[in-house]
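Take a look at the structure set out below.
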Amino acid sequence: MSQTDPPVGPPAHPPRGTGPLAKREARLAWGMLAPTIAAVALVVILPLLAIFWISFKPVELANLRPPEVTVREDVRGKPTAPGDEATLRYRLRNSSQEASIAGVTLRDTLPEGIEIIDGLGDSCAVTGRELFCDFGDWEGGARERLQIKVITAQAFFDGPSPRDSAPIVTGTASNILTNFSFTGENFARIFDSSEFFKVLWVTLFYTVFGTIGALVMGLFAALLLDKSFKGQGILRGLYLFPYVAPVIAVAFAWVLLLDPFSGSINALLVQMGVTDQAINFFGEEPLALIMVTVFEIWRYFPLSFLFILARMQSIDTEMYEAADMDGATPFQQFRYLSLPQLLGILSVLFLLRFIWTFNKFDDIFLLTGGNAGTRTLTVNVYEQAFALSNIGAGAAVAVVIFCCLLLFSVFFFRVMSQEEGL
Amino acid sequence: MKTFHHAYVTGPVLGALWTFVIAVTVSITMSFATGEPFRPTLILALLWGAVIGAAAVHSRMAAGIAALGVAAVGLLGFGPILSGDTVSPFAQIVGHGAMALCAALGMVSIMRNAPKGALTRHEFEEAVIRFLTGFGYIFFTAIVVIPFYVMVMTSLKSQQALLQNPLDFSIDFSKGWGLFRSYEELFRDHGFGIYLLNSFFISVITVVVTLLFAIPGAYAVARLRFKGRAAFARSILLIYMVPMIVLALPIYIAFSTAGLRNTIFGIVLIYPVTTIPVALYMLQGYFRGLPAEIEEAGLMDGLSRLRVIWKITLPLSLPALASVSLYVFMIAWNEFLLAFMLLDDPSKFTLTRGIASLNSSEIPRQHLMAGSVIATVPIMALFLGLERFMTKGLTAGSVKG
């Protein structure tokens with residue numbers, strides 16, 4: 001066997017542009033991502049656009065049900081024998097007091113064995129047994145009463161009840177959500193009120209102190225568990241409980257625990273002589289805000305603790321041994337060795353937690369319902385949209401939240417790229 | 001600062017602080033356990049603590065004698081904690097004994113390596129750190145345990161007993177099964193059985209659907225090269241940050257008009273989408289860590305991309321799949337806002353929604369707590385059983401709250 005030299009040709013170039021293989025790979029990738037993109041677009045992107053749309057609309061909770069014509073039909077005059085006079089009555093009403101309905105019509109099949117004598121008016125006509133009425137356009141709150149006088153025959157009593165054929169009404173109402181009337185009133189309303197700046201301040205307080213508190217507590221807890229001893233695993237699991245338990249369960253436990261009338265903490269404080277009177281933890285103006293922040297810290301310190309602990313355990317122990325040999329004291333070791341190494345995870349955690357605390361809704365909603373000076377922006381969305389029934393204003397607050405969020409995330413990605421090389 | 005670096009200064013100061021911490025702890029524990037009045041006294045606790053601290057510096061023997069002394073003065077009514085006259089002798093002995101024992105043992109341990117005279121900075125800081133460590137364990141355990149303890153104990157008591165003495169969490173075992181009356185009533189009259197099933201069903205479906213969507217997506221982001229990959233990875237994170245309350249409003253409107261409100265189908269439709277970005281983010285991180293060579297070998301041997309995923313990648317990432325599943329299950333199980341807004345019909349409630357419906361002044365609060373326990377126990381059991389996976393899952397991608 002002789003070894004053949006490779007054929008001599010023009011020097012090889014790496015392929016340029018996207019080859020067929022790369023194209024296939026990209027196609028496959030997009031194919032695999034398609035379901036996720038579709039789902040996310042449907043449930044995240046679309047609602048986000050909708051929020052922007054709604055925030056410029058004068059829409060209230062009641063407007064969500066589109067206005068429609070309601071109709072009631074009955075027979076008056078109590079006919080008992082053939083030849084009696086009777087009245088077929090239709091009562092129609094626009095269900096909305098404000099919105100108008102265009103092209104209102106009524107269609108019904110009249111019962112057998114009747115002879116119409118009066119009451120059809122201009123808008124109605126009967127062909128065979130078919131009744132058809134055209135009422136034109138209706139303003140909000142409009143009503144119409146149609147009374148058709150008839151003489152009954154035997155067939156009327158033999159046949160089915162007149163109410164068996166349900167009348168059909170049609171009419172097109174312009175839906176406030178889809179029409180093209182816009183207003184800046186929602187934004188004017190939320191920015192105008194002096195309350196808005198209070199809400200902003202409460203949000204800021206809650207977010208900043210909640211985040212820092214959870215980080216500091218998490219750091220402390222991580223320092224405690226950053227050594228192996230018996231029961232370390234149990235304690236680690238135990239310290240995660242606040243985060244893992246359903247928020248509604250722990251929030252109600254806190255509310256009961258701190259109840260001013262029958263709460264255990266108040267009883268304990270009174271017994272220990274700290275206070276003479278029961279303290280209304282979730283009902284007084286500055287205290288409630290502090291308490292919900294404390295709850296936030298309590299609930300989320302496990303998360304930062306977990307991340308910080310994971311980072312701590314990956315730090316080389318030799319460094320500490322070397323520092324020990326050089327006579328560094330424990331506090332110095334923490335200050336000059338651990339802290340610089342933890343700075344990366346701490347800053348990432350700070351930003352992420354900041355954004356998440358800013359977004360938090362459930363906790364405050366369950367603890368105070370946004371009362372006693374604890375209404376943050378997110379709670380304000382609910383308050384405006386459902387408590388005050390002004391969906392448009394709620395959406396406007398949501399837009400404000402989203403804009404803040406965009407601002408934060410620009411900042412976040414800048415730091416994240418430095419820290420994690422993402 | 002330098003004056004502190006002497007054993008007979010450090011010892012008493014730390015002793016005073018430590019004894020006060022123990023006094024508060026023992027008082028709260030005894031109060032919660034027996035319902036009897038125990039309370040710490042600031043001045044006496046600091047005073048006796050200083051004595052114990054100094055004794056602990058001197059010798060173990062001295063610390064033991066000091067402990068006996070503190071227990072004795074405690075029983076006489078001059079100790080770090082005061083117990084009321086009504087407290088039974090047994091509880092008094094247990095309380096004051098535990099108080100003296102914990103204070104002395106703790107102090108001996110804190111001053112373990114310290115010499116009797118001047119302390120170096122190293123020795124001083126070690127003593128302080130031991131004190132802080134002890135305090136930390138007590139503090140964190142207390143703040144975590146107390147709410148859950150109160151939750152469970154409240155659910156076992158009657159409204160009357162609770163109002164009479166909110167501190168009395170002792171259990172009357174003579175009632176037998178009667179203790180669980182609240183639970184029985186919840187399951188019988190409030191349909192918690194159905195809620196439990198609904199929650200379980202919805203959570204499982206959410207996990208399955210999430211994985212179905214997230215696995216291919218995560219694989220594509222982690223392994224395949226295509227234009228816009230980096231941008232896509234970022235937008236996942238961004239979507240992960242959109243608050244639910246912002247989306248809840250349009251979803252509420254859309255569901256109202258589409259007639260999906262008040263249906264389990266609607267909930268199952270919406271929950272996975274909230275978890276897919278998280279799951280995708282966690283999984284792509286894991287997939288990236290797997291060696292690409294094994295997959296390439298599979299490709300060389302003639303497997304198609306999808307078969308590579310099925311035969312090689314997925315079996316290798318079972319632990320990650322487990323943690324992601326657990327995490328998604330937890331999110332779905334604990335979800336409150338959407339369930340609260342979208343469900344009105346009691347036969348379709350999830351557990352969290354069911355508990356919210358118990359929050360009225362007409363329903364006694366032990367029912368509320370029993371409901372909370374019912375919602376908490378399954379997720380805790382799951383979590384403790386699979387703690388390793390959970391811890392990993394949480395650190396892998398979730399900074400989500």
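Quick note on labels: first sequence line is chain A, next is B, and so on, each numbered from 1. Basis for what follows: all heavy atoms, side chains included, without hydrogens, waters or symmetry-related copies.
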* Structure fact -> Cut-off 4.5 Å, heavy atoms of chain B, and the answer for Phe361(A) is side chain
* Structure fact -> Greatest number of non-hydrogen atom pairs under 4.5 angstrom with chain B, of Trp30(A), Trp254(A), Phe402(A), Tyr382(A), falls to Trp30(A)
* Asked: Any idea how Phe241(A) and Phe383(B) line up, ring-wise: parallel (<30°), tilted (30 to 60°), or perpendicular (>60°)?
  -> perpendicular
* Proximal component of Leu405(A), with respect to chain B [non-hydrogen, under 4.5 Å] -> side chain
* **Approximate separation, where rounding is to 0.5 Å, of Met32(A) CE and Arg223(B) CZ** => 11.5 Å
* Among Ser264(A), Ala253(A), Ala26(A), Ala221(A), which has the most heavy-atom pairs under 4.5 Å with chain B? -> Ser264(A)
* Report the distance from atom CD1 of Ile146(B) to atom CH2 of Trp298(A), rounding to the nearest 0.5 Å. => 10.5 Å
* Which of the residues Val128(B), Thr141(B), Leu238(B), Ile276(B) is involved in the greatest number of heavy-atom pairs with chain A at under 4.5 angstrom? -> Thr141(B)
* **Ring centroid separation Phe220(A) to Phe139(B) under 6.0 Å** => no
* **Distance in Å, Leu28(A) CG paired with Leu306(B) CG, rounded so as to fall on 0.5 Å steps** => 6.0 Å
* Asked: For Ile355(A), is it the side chain, the backbone, both, or neither that has a heavy atom closer than 4.5 Å to a heavy atom of chain B?
  -> side chain
* Structure fact -> If you tally heavy-atom pairs under 4.5 Å between each of Ala230(B), Pro243(B), Ala248(B) and chain A, the highest tally belongs to Pro243(B)
* **Interchain contact, Ala34(A) with chain B, by part (heavy-atom threshold 4.5 Å)** => neither
* **chain A contact via Val246(B) - side chain, backbone, both or neither, heavy atoms under 4.5 Å** => both
* Structure fact -> So CD1 of Ile51(A) and CD1 of Ile253(B): to nearest 0.5 Å the spacing works out to 7.0 Å
* So Val43(A) and Ile251(B), side chain to side chain contact (heavy atoms under 4.5 Å, CB included) or not? Walk me through it. -> CA-CA 8 Å; Val43(A) 179; Ile251(B) 288 172; 4.0 Å; yes
* Can you say whether Phe408(A) sits under 4.5 Å from chain B via the side chain, the backbone, both, or neither, judging by heavy atoms? -> neither
* To do: Against chain B, label Leu223(A) side chain, backbone, both or neither, depending on which of its atoms sit under 4.5 Å from a heavy atom there.
  => neither
* So, do Leu238(A) and Phe140(B) sit near enough that their side-chain heavy atoms are less than 4.5 Å apart? -> no
